[in-house]
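Working notes, beginning with the structure itself.
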There are 2 protein chains.
Amino acid sequence: MGLAVDDLTEMLKGTLEGCVLEIISREETYGYAITRRLNDLGFTDVIDGTVYTILLRLERNQLVQVTKRPSEVGPPRKFYALTDAGRQNLATFWTKWRYVSSRIDKLKEGDA
Amino acid sequence: MGLAVDDLTEMLKGTLEGCVLEIISREETYGYAITRRLNDLGFTDVIDGTVYTILLRLERNQLVQVTKRPSEVGPPRKFYALTDAGRQNLATFWTKWRYVSSRIDKLKEGDA
DNA sequence: TACCGGTACACGGTATCACCGAGTACCGGT
DNA sequence: ACCGGTACTCGGTGATACCGTGTACCGGTA
């Protein structure tokens, strides 16, 4: 299960934001839940502060649209949904990911 | 061929150093050749200045051993070989890579 | 011999990113 | 009244790839 490799922070640079976009694309959701989702996915060390900085950046860059809604179990939540620019950005993220990961895998295989 | 997705720089953070280590592990080589190798692998925008900073960092962290040798076609070359610490570091790099890339792929697949 | 392009490395500064720490605030249960 | 869980904000840090410029070696050519 966990077994969690420690200190993935450098390797997550440039990809964590894309993961957050992907999560939002699936379903309108909010910061706290996104952090939990990432932790469940295996990124156990990703902390809420990191996710919120990403969300603020996404909002500033107009890749997401924000709707504040009250919660029954705590303070109000900010729900995020992708804008057209956000969907475009997510698409190019996956294109880049396919490109980079395939090249790295090829280097690992040795046949390159 | 290239088709090259532009501006992969953020996504390469945390992985480019590992790629350099892998290249060195295959064969004792030098900075200029490593840059060419990376370009051939598809990382067309990686420039020599970037590679040299990585090499200096590897040397400072004692992950590589350096041997200066004269060249017949230009100035002397600094040949790099992995130390034991370098081999160890490379192994954990690939472990991290397998871990991270599999989680991201799983997120993309949707079954997570 | 003077120049030029290819080879080869060094170094100061920049932007971006994930992370850290501390703070604010809402809510229910004991 | 307190405490733990929920939920978000913000200034600052460290690491990394990148950029620009500089230095220097070498062979070929006009």
Touch class at under 4.0 angstrom, heavy-atom based, for A/Arg69 against every strand present: nothing

Aromatic A/Phe79 / basic A/Arg77 pairing, under 6.0 angstrom, 45° off normal: no

Side-chain ion pair, B/Arg37 and B/Asp40, N-O less than 4.0 Å: no

Separation of atom CZ in A/Arg77 from atom P in D/dC8, rounded to whole Å: 8 Å

Contact boundaries on DNA chain C for chain A, cut-off under 4.0 Å to non-hydrogen atoms: C/dC17 to C/dC27

Within residues 8-19 of chain B, residues whose heavy atoms come under 4.0 Å of DNA chain D: B/Thr9, B/Leu12, B/Lys13, B/Gly14, B/Leu16, B/Glu17

B/Ile54 CD1 to D/dA15 P, straight-line distance once rounded to whole Å: 15 Å

Rounded distance in Å - CG (B/Leu21) to P (D/dT16): 11 Å

Any B/Thr15 side-chain heavy atom under 4.5 Å of A/Met11 side chain: yes

Over all atoms of both residues, closest heavy-atom pair of A/Arg26 and B/Leu107: NH2-O, 2.7 Å

Nearest-nucleotide 5' precedence on DNA chain C, A/Gly74 against A/Asp48: A/Asp48

Phosphate-side-chain proximity, A/Tyr30 and D/dA7, N/O vs OP1/OP2 below 4.0 Å: yes

Sugar-phosphate only, base, or nothing, as touched by B/Ser71 at under 4.0 Å among non-hydrogen atoms: sugar-phosphate

Distance in angstrom units between B/Ile47 CD1 and D/dG20 P, rounded: 8 Å

B/Glu59 vs B/Leu56 side-chain heavy atoms within contact, under 4.5 Å: yes

Short side-chain N/O contact from B/Arg57 to OP1 or OP2 of D/dT16, under 4.0 Å: yes

Sidechain N-carboxylate O distance under 4.0 Å for B/Lys106, B/Glu109: no

Heavy-atom check, side chain of B/Leu8 versus side chain of B/Asp45, under 4.5 Å: no

Residue matched to D/dG28 through Watson-Crick or wobble contacts both under 3.5 angstrom: C/dC3

Opposite nucleotide pairing with C/dT30, Watson-Crick or G-U, both atom distances under 3.5 Å: D/dA1

Note: A/Arg69-A/Glu28 ion pair, threshold 4.0 Å (strictly below): yes

B/Tyr52 or A/Thr53, whichever maps to the more 5' nucleotide of DNA chain C: B/Tyr52

Interatomic distance where OH belongs to A/Tyr32 and C1' belongs to D/dT9 [whole Å]: 16 Å

Sub-4.5 Å side-chain heavy-atom contact between B/Thr83 and B/Gln62: no

